[in-house]
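Here the structure is a predicted model, which is why all the values come from computation and not from measurement.
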Amino acid sequence: MAQMNFGGVTENVVTREEFPLEKAREVLKNETIAVIGYGVQGPGQSLNLRDNGFNVIVGQRKGGKTWDKAVADGWVPGETLFEIEEACERGTIIQYLLSDAAQIEVWPTVKKHLTPGKALYFSHGFAVTYNERTGIIPPKDVDVILVAPKGSGTSLRTMFLEGRGLNSSFAIYQDATGKAWERCVALGIGVGSGYLFETTFKREVYSDLTGERGSLMGAIQGLLLAQYEVLRENGHTPSEAFNETVEELTQSLMPLFAKNGMDWMYANCSTTAQRGALDWMGPFHDAIKPVMNQLYDSVKTGNEAQISIDSNSKTDYREKLEEELRQLRESEMWQTAVTVRKLRPENN
């Protein structure tokens, strides 16, 4: 494990050069990796592991859309695709990639097959960190490890096919065999990570829940909508408001921001934009920081976890979720997006 300097702070990381794919294959050559769940992370991780030459099987409920998707992706029923219980029995490493709510529901089945020496793998620290709420307490004689790609399963797979890697965090919660670290890092390399940075289950879930509700999804939608509404309320057309709020951000600036950083962005825009950005950065920070603190405290106390568990357990959860998403989808801003996307040069 190497030490890297991030903004003056030293962190432990593992790179592909330090832990190449060949080494990962050697570490896991006698393991059967059972990927439980084929929803968000399951497809990307299992397909990348399979393509990288590992012994992988998938466990999924038979008869649903995700079972059919697994078959379409080349998993063979009775050979590499099984019902969840049989996959758990066959696997020496159980990758528990069901949703947080489904993990709670299926846990008794999985726990039954966690015999001594096996490894239980997560891509989210939720179930273990909030175990007094989830009831998921792993046996003491199994390894409990985590690899959390910093992006969607779709991005993980797409970047893998492009020859790139999505960075991941990794953590060891329990080392029962003395091999937990090697198993964990080998799996991280196997699923297609760019580099792996060390964390804990608790830090992973705290940062993940904060990020989802904050800059990655919740805050960005709130920010975009606020600016769009102000422009519309002051007489700007939907197209103008959307292009200035979303299109320029996502299509022009974000790729450059990702490649070169915000300092480069500031240095390579007009002097008028530079002055305005520097002047307004502070007021936005001061307005947003208290909300971020409130959000983090809600995550840390377990309040956000409980809200998620309670809402996901309701029988009408899917219907209510779809209604909320419908309202978002049919809002003027995102209906404008549909038209703007159609008008992009690559679509004409």
So which heavy atom on [X] is nearest to which on [Y], and how close?
| X | Y | value |
| --- | --- | --- |
| Pro138 | Val128 | CG-CG2, 4.5 Å |
| Lys69 | Tyr38 | CG-CE2, 3.9 Å |
| Ile220 | Ser215 | CB-O, 3.5 Å |
| Glu244 | Gln227 | O-NE2, 3.5 Å |

Between Tyr195 and Phe197, how do the two ring planes meet: parallel, tilted or perpendicular, split at 30° and 60°?
->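 Because their plane-to-plane angle lies in the 30° to 60° range, the rings of Tyr195 and Phe197 count as tilted.
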According to a hydrophobic-cluster definition based on side-chain heavy atoms being under 4.5 Å apart (Ile, Leu, Val, Met, Phe, Trp, Tyr only), do [X] and [Y] belong together?
| X | Y | answer |
| --- | --- | --- |
| Ile94 | Val58 | no |
| Leu209 | Ile288 | yes |
| Leu114 | Tyr121 | no |
| Val340 | Leu249 | yes |
| Val144 | Ile93 | no |

What distance do [X] atom [atom1] and [Y] atom [atom2] have between them, rounded to the nearest 0.5 Å?
| X | Y | atom1 | atom2 | value |
| --- | --- | --- | --- | --- |
| Thr129 | Asn131 | OG1 | CG | 8.0 Å |
| Ser193 | Asn167 | OG | CG | 7.5 Å |
| Phe82 | Lys62 | CZ | NZ | 11.5 Å |
| Leu161 | Met159 | CG | CE | 11.5 Å |
| Glu240 | Thr245 | CD | OG1 | 9.5 Å |

Could you verify whether a donor N or O on one side chain and an acceptor N or O on the other, from Ser123 and Gln45, lie under 3.5 Å apart?
-> yes
Checking Asp175 side chain against Gly178 main chain: does a donor-acceptor pair fall under 3.5 Å?
-> yes
Kindly say whether Tyr206 contributes a backbone atom to a donor-acceptor pair with the side chain of Lys300 at under 3.5 angstrom?
->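 Checked: no pair found.
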Would Glu83 and Arg61 satisfy salt bridge (Lys or Arg N to Asp or Glu O under 4.0 Å), going step by step from the backbone distance to the final call?
-> CA-CA 5 Å; Glu83 292 271 11; Arg61 288 191 182 95; over 6 Å; no
Could [X] and [Y] be called an ion pair, given the rule that one side-chain N must be under 4.0 Å from one carboxylate O?
| X | Y | result |
| --- | --- | --- |
| Glu323 | Arg326 | yes |
| Asp51 | Arg157 | yes |
| Arg232 | Glu332 | yes |
| Arg203 | Glu198 | no |
| Arg341 | Glu247 | no |
| Glu26 | Lys29 | yes |
| Asp143 | Lys179 | no |

Distance under 6.0 Å and angle within 45° of the ring axis: does Arg275 meet both against Trp280?
->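 Checked: cation-pi criterion not met.
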Is the NZ or CZ atom of Lys314 both under 6.0 Å from the centre of the six-membered ring of Tyr317 and within 45° of that ring's axis?
-> no
Under the salt bridge (Lys or Arg N to Asp or Glu O under 4.0 Å) rule, what do Glu89 and Lys112 come out as? Steps first, then yes or no, please.
-> CA-CA 9 Å; Glu89 185 177 1; Lys112 182 168 56 174; over 6 Å; no
Find out whether Lys150 and Ser168 are in side-chain contact, i.e. whether some heavy atom of one side chain is under 4.5 Å from a heavy atom of the other.
-> no
